[in-house]
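Numbered from 1 within each chain, the chains take letters A, B, ... in sequence-line order. Because the structure is a prediction, the values reported are computed rather than measured.
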Number of protein chains: 2
Amino acid sequence: MKVTNLKELAQILDLSVSSVSKALKNRPDISLETRSRVKALAKEYGYVPNVLAQNLKSGKTRTIGVIIPNVLDEFFGMVLQGIEKQAAAKNYKIVICISDDKKTKEKDAIETLINGSVDGVLISIAKETQNQKNIEHLNRIVKHGTPIVQFDRVMTGLECDMISVDDFNAAFKATKHLMNTGCKRIAFITPISGTSVGGMRKEGYLQALNLKGGNLSKPIVIEIKNYTNFMQALRAALNKNKIDGILAADELSAIYAINTIQSLELMVPTDVSVIGFTNGMLAKCSNPTLTTVSQHAFKMGKKAVNQLIKRIEYPKRETDYIHSILKTDLTVRNSTKKINTATIQ
Amino acid sequence: MKVTNLKELAQILDLSVSSVSKALKNRPDISLETRSRVKALAKEYGYVPNVLAQNLKSGKTRTIGVIIPNVLDEFFGMVLQGIEKQAAAKNYKIVICISDDKKTKEKDAIETLINGSVDGVLISIAKETQNQKNIEHLNRIVKHGTPIVQFDRVMTGLECDMISVDDFNAAFKATKHLMNTGCKRIAFITPISGTSVGGMRKEGYLQALNLKGGNLSKPIVIEIKNYTNFMQALRAALNKNKIDGILAADELSAIYAINTIQSLELMVPTDVSVIGFTNGMLAKCSNPTLTTVSQHAFKMGKKAVNQLIKRIEYPKRETDYIHSILKTDLTVRNSTKKINTATIQ
DNA sequence: TTGTAGGCGTTATCAG
DNA sequence: CTGATAACGCCTACAA
C-alpha cells in the first residue's frame, strides 16, 4: 500500500521503469491511456519521486543555503522571512545554519553546505569574523564555484555579489534629524562597533556632526561590549556630557537608552531625544514610541534570493559583481521632538 | 586545480575509484602510505564528497525538516534556535519551511519535504489548520513513514510524538497570581482563540476563576481577530467591566494592554495588573516591565529534535507515542502588584 | 508506443 | 593491499 520507487510501480503496472518515468512526466511519446493509468496508480500508492536521485542526476538541488548570525534579532528574522518567501515563490528550498556570530560555527556551516547539498549560499557574516577581518573560510565557497551572495554584514575582498543597507546615509540622516529638532550634544551608542554595519553607522553620525551650522558638541561615541553594563555606561556619559540627543546603533540600545534616561528622571524627548535602528516591535511598543530607521529587511531578503538565483541559473555571465545598497527611511515617532522648521539647514 | 569527484582523483593518483574512496574513509585494508597520499591530494585539490550521492546510497540525509508558522514571533524564534543548536550538535542539518499560518503553505511544505530530502519532520501547526481541524495533509507524512514530531501547536489524532507547553497550568497559575495580588475582576484577552495553545490557556484561566474564595467576577473573555482593533476592544471592555487584572494570551497583547490602560490615565499595576505569555524582549523592555509566563522555548526545540532523532535512528520501537508537556515558570516583574500574603489561598 | 542501457557519485562486497 | 562490480533511484538517448 506504499510504493517508494519507480521499479515497484513498474512491476505493478507491468511496464518498464523508463515508461513509467516518462508517463509521470507526461511525455507525449507515451500513449495517453498509459499515462493516465500510471498517474492514477502512482497517486493511489502515494508514490513520490526521490529528490535525491533527481538531484544527483541533474546536478541541481533547488536549495539555497542560508548562513545567518541569529534568528532572534528581529532584523534578521525579517530578512529570513523575505528569503523564505522569495525562495518558495521561485520553487527553492532553504537550509538554515545559524552562526551565533561565531567564526567556527560559520566555518562548519560552510563545510556543511558546499558539498553539493545547495546550489548557492546567502550569508551575513558573523561578528567574530568581521572583527578578525579573516575571510579565508569564505573564500572556500568562492573557490569551490558555489555562487554566493552576502547580505547586510558584508566584507569586501570576496568575489561575489553583496546587498547591504545604506547605513551611512541612514545614520547621517538620523543625526541630521536630531540636529534639526534642536539637539546640540548628540551621542552615538553602539554595541556593534566591530561590524561593517556598525562602522558605516558611526561614519554617518560623524559626518553629520561635521556639517557647519549650529554650535554642536564634539562627537561622543559610546561603545559597549554587551547590554549588561549598558545603564552604567550611559548614565556616566549622560552626566558627563549633558547629552540631549542619542543615536543608537540598534533597536535594543535605543530602548535601553530610553529606560536609562527615564530612570534619571529625565524626559524623552523633552530632555533627551532618541533614535534607533531596525523599526521592530520594540520600537512600536516602547513608551514613548521610538523614532527609528526602517531598513526594509524583508525586501533585502527577497533581493538577495533573486540575485543568487540569477547567478545559479546563469552562471556564465562573468559580469562584475554588483553591490546593491538599499535606501532607508526614517520613521518619525515620539522619541524625538517635533521639527522646528526655523532651524532646518 | 579543482576536483569534484572520486573518478578524477583516482585518475590523478593512478588508483581505482574504490581504493580512493576507502582511503579517504581511512579503511585499514588500504596501506597507510596510500591512505595519506590520497588524503593529501584530496585536500590539495579541495575535494569534497558529494552528499547527494552519499545520501542516495545510504538512504539517509541527516536533515530535519522544520515547518513553522513564522520566525518573527519571538517564541518560535527561540524554538528554532533550540532546534538548530541541537540538530547541529547531533550533526543534522535543518531545512525550514514557513507556513505563515496558512494551510496551503503548510501542505506545500509537506509535499516539499517528504520526497526523501529529510529524515524526519518537526511541525508546529498553522492557525488555519487548527481552526479547520483538518489534518489530512499531516496524515500524509505519517502514511509515508516519515517520522514526525509536533511541537507547541499540536493536534491529536495523528500517530506521532508531541511536545507542548503546559499552557493550562501556566494560565491557571498566572490567574491565581492575579487573584493573590488582590485582583477581583480578571479578564482574559486572546488573539489566538482558535489554536490548541489558546484553548488551553483559556481553560486554565476559567478553572482558576472557579476556585472558591474571594468574590470574583464572572469570566471576561475578550477574543480579538488581530491587533488593529485592539485598543478599541479593550477600552470598551475596561469601561464596561471595571477590570482590575488582565491575563493576555500572548506577549504583544499584554504590551498593547499596558499601553491601552495607560492611555486611559490608569496605572499599571495599581489600577490594572497585567500578565502576558512568552517572556521575550518586549516583556523585559516594557514600562512597567511585564510579569510573564516563561515557556522555555529553547528547551522545547532541543527536546523536539532529540525525540525526532530517536524515531529516526530507532524506527522499530512501536512503543506508544509520547506527549511530553513542559512546565512553565511565572516570571514576576512590575506589571503586577506585590503579593499580599494575607490573601493567598 | 515501449523498452534497454548507461550514468549521475558514492560505497559495500567480493574477487584478485 | 587493491580493483572490479553492482547498487541506491532516476532520467534520457537510443534501439526495438
Side-chain angles (χ1 to χ4, degrees), chain A residues 2-39 41-42 45-63 112-119 144-146, chain B residues 2-39 41-42 45-63 112-119 144-146:
Chain A
K2 186 179 61 183
V3 155
T4 57
N5 59 25
L6 286 179
K7 205 159 88 183
E8 289 175 31
L9 254 191
Q11 275 166 359
I12 300 173
L13 287 155
D14 199 28
L15 278 170
S16 77
V17 172
S18 64
S19 296
V20 177
S21 168
K22 281 186 257 185
L24 288 172
K25 305 218 121 193
N26 219 17
R27 286 286 152 76
D29 54 347
I30 301 290
S31 75
L32 244 164
E33 196 203 322
T34 314
R35 271 188 264 168
S36 48
R37 199 163 66 92
V38 171
K39 283 189 276 188
L41 213 84
Y45 282 80
Y47 167 76
V48 190
N50 182 313
V51 209
L52 252 40
Q54 286 177 325
N55 291 345
L56 180 59
K57 189 97 236 296
S58 66
K60 304 270 166 211
T61 63
R62 290 203 86 80
T63 302
T112 307
L113 293 177
I114 63 168
N115 46 19
S117 37
V118 300
D119 293 343
H144 188 268
T146 304
Chain B
K2 187 180 59 181
V3 155
T4 57
N5 58 24
L6 286 180
K7 205 159 88 183
E8 289 175 31
L9 253 192
Q11 276 167 0
I12 300 173
L13 286 155
D14 200 28
L15 278 171
S16 77
V17 171
S18 59
S19 295
V20 177
S21 168
K22 280 186 262 186
L24 288 172
K25 304 219 124 194
N26 219 19
R27 287 285 153 77
D29 55 347
I30 301 290
S31 75
L32 244 164
E33 195 202 324
T34 314
R35 271 188 263 167
S36 49
R37 199 163 65 92
V38 171
K39 284 188 277 188
L41 213 83
Y45 282 80
Y47 166 76
V48 190
N50 182 312
V51 210
L52 251 41
Q54 287 177 323
N55 291 345
L56 179 59
K57 191 99 233 302
S58 66
K60 304 270 165 211
T61 63
R62 290 202 87 81
T63 302
T112 307
L113 294 177
I114 63 168
N115 46 19
S117 36
V118 300
D119 293 343
H144 189 269
T146 304

*For atom CG of L9(A) and atom P of dT2(C), their distance in whole Å*: 16 Å
*Specify the separation, in whole Å, of atom CG of N26(B) and atom P of dT2(D).*
13 Å
*Distance, rounded to the nearest Å, where N5(A) contributes CG and dG9(D) contributes P*: 5 Å
*Which part of the nucleic acid does L56(B) contact within heavy-atom distance under 4.0 Å: base, sugar-phosphate only, or nothing?*
base
*dG3(C) OP1/OP2 closer than 4.0 Å to side-chain N/O of S18(A)*: no
*With heavy atoms under 4.0 Å as the rule, sort V17(B) into base, sugar-phosphate or nothing.*
base
*asked:* Below the 4.0 Å mark, does dT2(D) have OP1 or OP2 next to a side-chain nitrogen or oxygen of T34(B)?
replied: yes
*asked:* What's L52(B) touching, base or sugar-phosphate or nothing? Going by heavy atoms closer than 4.0 Å.
replied: nothing
_Could you go through V51(A) and R62(A), starting from their C-alpha distance and side-chain angles, then the distance that decides it, and tell me whether this counts as side chain to side chain contact (heavy atoms under 4.5 Å, CB included)?_
CA-CA 10 Å; V51(A) 209; R62(A) 290 203 86 80; over 6 Å; no
*Would you mind classifying the nucleic acid contact of D29(A) as base, sugar-phosphate or nothing, using non-hydrogen atoms under 4.0 angstrom?*
base
*side-chain N/O Y47(B) vs dT10(C) OP1/OP2, d < 4.0 Å*: yes
*In whole angstrom, give the distance that lies between atom NZ of K22(A) and atom P of dC11(D).*
12 Å
_Nearest non-hydrogen partners of S21(B) and L6(B), listed with the distance_ = CB-CD1, 3.7 Å
*On DNA chain C, check which nucleotide each of K7(B) and I30(A) is closest to and give me the residue with the more 5' one.*
I30(A)
*Answer with base, sugar-phosphate or nothing: what part of the nucleic acid does N50(B) contact at a heavy-atom distance below 4.0 Å?*
sugar-phosphate
*Evaluate the side-chain proximity of V38(A) to L13(A): yes if any heavy-atom separation is below 4.5 Å, no if none is.*
yes
*Between atom CG in N115(B) and atom C1' in dC8(D), what is the gap in whole Å?*
16 Å
_Output the rounded distance in Å from CG (L24(B)) to P (dT2(D))._
13 Å
_Euclidean distance, atom NZ of residue K25(B) to atom P of dG9(C) [Å, nearest integer]_ = 17 Å
*Give the minimum heavy-atom separation between S117(A) and L52(B), together with the two atoms involved.*
CA-CD1, 4.4 Å
*Report yes or no: do N55(A) and T61(A) form a side-chain donor-acceptor pair below 3.5 Å?*
no
_Any S16(A) side-chain N or O less than 4.0 Å from OP1/OP2 of dG3(C)_ = yes
*Student check: side-chain heavy atoms of V3(A) and L41(A) closer than 4.5 Å*: no
_Output the rounded distance in Å from CG (N55(B)) to P (dT10(C))._
12 Å
*Are OP1 or OP2 of dT12(D) and a side-chain N or O of R27(A) less than 4.0 angstrom apart?*
yes
*asked:* Please confirm whether the shortest side-chain N or O distance from Q54(B) to OP1 or OP2 of dT11(C) is below 4.0 Å.
replied: yes
_Nucleotide nearest S31(A) (side chain, heavy atoms from C-beta), chosen from dT2(C), dT11(C), dG9(D)_ = dT2(C)
